[in-house]
Amino acid sequence: LVAVAPVNAQSKRSMKQAKKQAKTETAAGYKLLEAGDLVYVIAKHIDKVDGGLEQIVATADGKRSTNLAKSIARNNALNEYSEKARSIVKGRVASEMTDLNDVQKEQFMAAYERLVLAELKGEVKTSFTLVRHNAKAHTYDVKLFCLIDPEAAHTANVNALNRAAEEQKLVQQYGTNISNWIK
């Protein structure tokens, strides 16, 4: 019974938040693209975020189809997450890889960015999608709510860094440091 009380309290709190968010989204003209109840879907999403998953919200506005808007929003979510990771790695590369010239650093960062996007693709999971139809312009706006497991993202970053170092022939020189940076 003691274990059930906090879970029940958390569910009540997330339901209250979900109702509020659902009301806001509905007032803005958004509808749930997937099947189900908007309040329930948002509450489930909030519980997952409270459970340790990281949320990424991406948008795509004024697109001619919902599929195109979803695709662009998903790419925006991946780019947002990889840009955050890139800024951290770029600072480390600048401070740790001092014997590399600017061209080598940029090549390493370009390889890392390309590889981290590929690694993260499978780790960024769509939680739910909101869509709004603009009847006058015959376009769609999409809000894509995604979740990512921080542990999986960590592994993706380490893999991308190691592969980028291998591609740039920097493994022997910086291989152990790269793993230590991420840790």
Side-chain angles (χ1 to χ4, degrees), residues 30 32-34 41-42 44-132 139-183:
Y30 283 97
L32 183 64
L33 187 61
E34 296 84 8
V41 169
I42 293 173
K44 225 169 84 173
H45 176 83
I46 290 169
D47 283 341
K48 289 178 181 177
V49 171
D50 290 346
L53 297 181
E54 196 171 325
Q55 171 182 269
I56 304 170
V57 181
T59 61
D61 296 329
K63 304 305 173 205
R64 292 282 176 197
S65 74
T66 55
N67 285 339
L68 176 62
K70 268 180 66 173
S71 178
I72 290 170
R74 179 154 175 80
N75 284 337
N76 289 344
L78 286 166
N79 287 332
E80 178 183 325
Y81 198 86
S82 70
E83 186 60 37
K84 187 171 91 174
R86 185 184 197 281
S87 65
I88 294 167
V89 170
K90 190 171 186 173
R92 282 297 210 160
V93 166
S95 66
E96 300 285 333
M97 296 180 165
T98 55
D99 55 333
L100 296 181
N101 65 40
D102 289 342
V103 172
Q104 289 171 312
K105 287 178 185 177
E106 281 305 313
Q107 287 174 342
F108 176 78
M109 289 309 304
Y112 166 73
E113 193 167 5
R114 177 179 43 81
L115 292 166
V116 80
L117 276 173
E119 291 278 340
L120 285 172
K121 243 180 198 157
E123 304 305 334
V124 175
K125 311 279 189 220
T126 300
S127 182
F128 65 97
T129 311
L130 298 178
V131 65
R132 176 173 57 193
T139 60
Y140 297 90
D141 301 335
V142 166
K143 278 188 186 178
L144 190 69
F145 290 77
C146 299
L147 295 169
I148 187 164
D149 180 358
E151 291 296 318
H154 171 78
T155 302
N157 277 306
V158 170
N159 290 343
L161 278 169
N162 285 328
R163 288 177 54 203
E166 285 174 17
E167 279 185 14
Q168 301 301 313
K169 312 261 188 285
L170 301 172
V171 163
Q172 286 78 16
Q173 194 173 3
Y174 296 104
T176 56
N177 287 347
I178 288 170
S179 295
N180 292 337
W181 294 348
I182 293 292
K183 291 176 186 171

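Since the model is a prediction, treat every value here as computed from it, not as a measurement.
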Evaluate the criterion side chain to side chain contact (heavy atoms under 4.5 Å, CB included) for residue pair N79 and L117; output intermediate values, then yes/no. CA-CA 7 Å; N79 287 332; L117 276 173; 3.6 Å; yes
Can you find a heavy atom in the side chain of F145 that is under 4.5 Å from one in the side chain of L130?
yes
All heavy atoms of T59 vs all of N76, minimum pair found to be O-ND2, 2.9 Å
| Stepwise, does the side chain to side chain contact (heavy atoms under 4.5 Å, CB included) test hold for L147 with F128? | CA-CA 10 Å; L147 295 169; F128 65 97; over 6 Å; no
| request: Please check if atom NZ in K44 has more than 12 non-hydrogen atoms from other residues, nucleotides or ligands closer than 6.0 Å. | output: no
Between C146 and A77, the two heavy atoms sitting closest are SG-CB, 4.2 Å
>> With heavy-atom distances below 4.5 Å as the criterion, would you say the side chains of I56 and E80 are in contact?
In response: yes
Looking only at heavy atoms, the pair that brings V142 and A69 closest together is CG2-CB, 3.3 Å
> Would you find a donor on one side and an acceptor on the other, under 3.5 Å apart, between the side chain of R74 and the backbone of K121?
Replying inline: yes
Worksheet item: How about D102: does its CG atom have over 12 heavy atoms from other parts shown lying under 6.0 Å from it?
Response: no
The reported gap from NZ in K125 to NZ in K48 (rounded to nearest 0.5 angstrom) is 11.0 Å
Problem - side chain to side chain contact (heavy atoms under 4.5 Å, CB included) evaluation trace for L115 with E167 - result: CA-CA 10 Å; L115 292 166; E167 279 185 14; 3.9 Å; yes
Separation between CG (L78) and CD1 (I148), nearest 0.5 Å, reads 8.0 Å
Rounding to 0.5 Å, atoms CZ (R86) and OH (Y112) come to a distance of 9.5 Å
_Donor-acceptor pair between E113 and S82 side chains, under 3.5 angstrom_ = no
**OP:** Report the C-alpha separation of K63 and I72 in whole Å, then their side-chain angles, then the decisive distance to 0.1 Å, and conclude whether the side chain to side chain contact (heavy atoms under 4.5 Å, CB included) test is met.
**Re:** CA-CA 9 Å; K63 304 305 173 205; I72 290 170; 3.5 Å; yes
**Prompt:** Does any N or O in the side chain of D149 come within less than 3.5 Å of the main-chain N or O of L53, such that one atom is a donor and the other an acceptor?
**Reply:** no
d(T139 OG1, R64 CZ) to nearest 0.5 Å is 6.5 Å
Minimal heavy-atom distance between K70 and T129, with the atoms involved, is CG-CG2, 3.9 Å
Rounding to 0.5 Å, atoms CG (L144) and CG (N75) come to a distance of 10.0 Å
Beyond-backbone contact of E106 with V103, side-chain heavy atoms, under 4.5 angstrom | no
Minimal heavy-atom distance between E123 and A152, with the atoms involved, is OE1-CB, 3.0 Å
Rounded to the nearest 0.5 angstrom, the CZ-CZ distance for R163 and R114 is 7.5 Å
Of all heavy-atom pairs linking D141 and D61, the shortest is OD1-CA, 3.3 Å
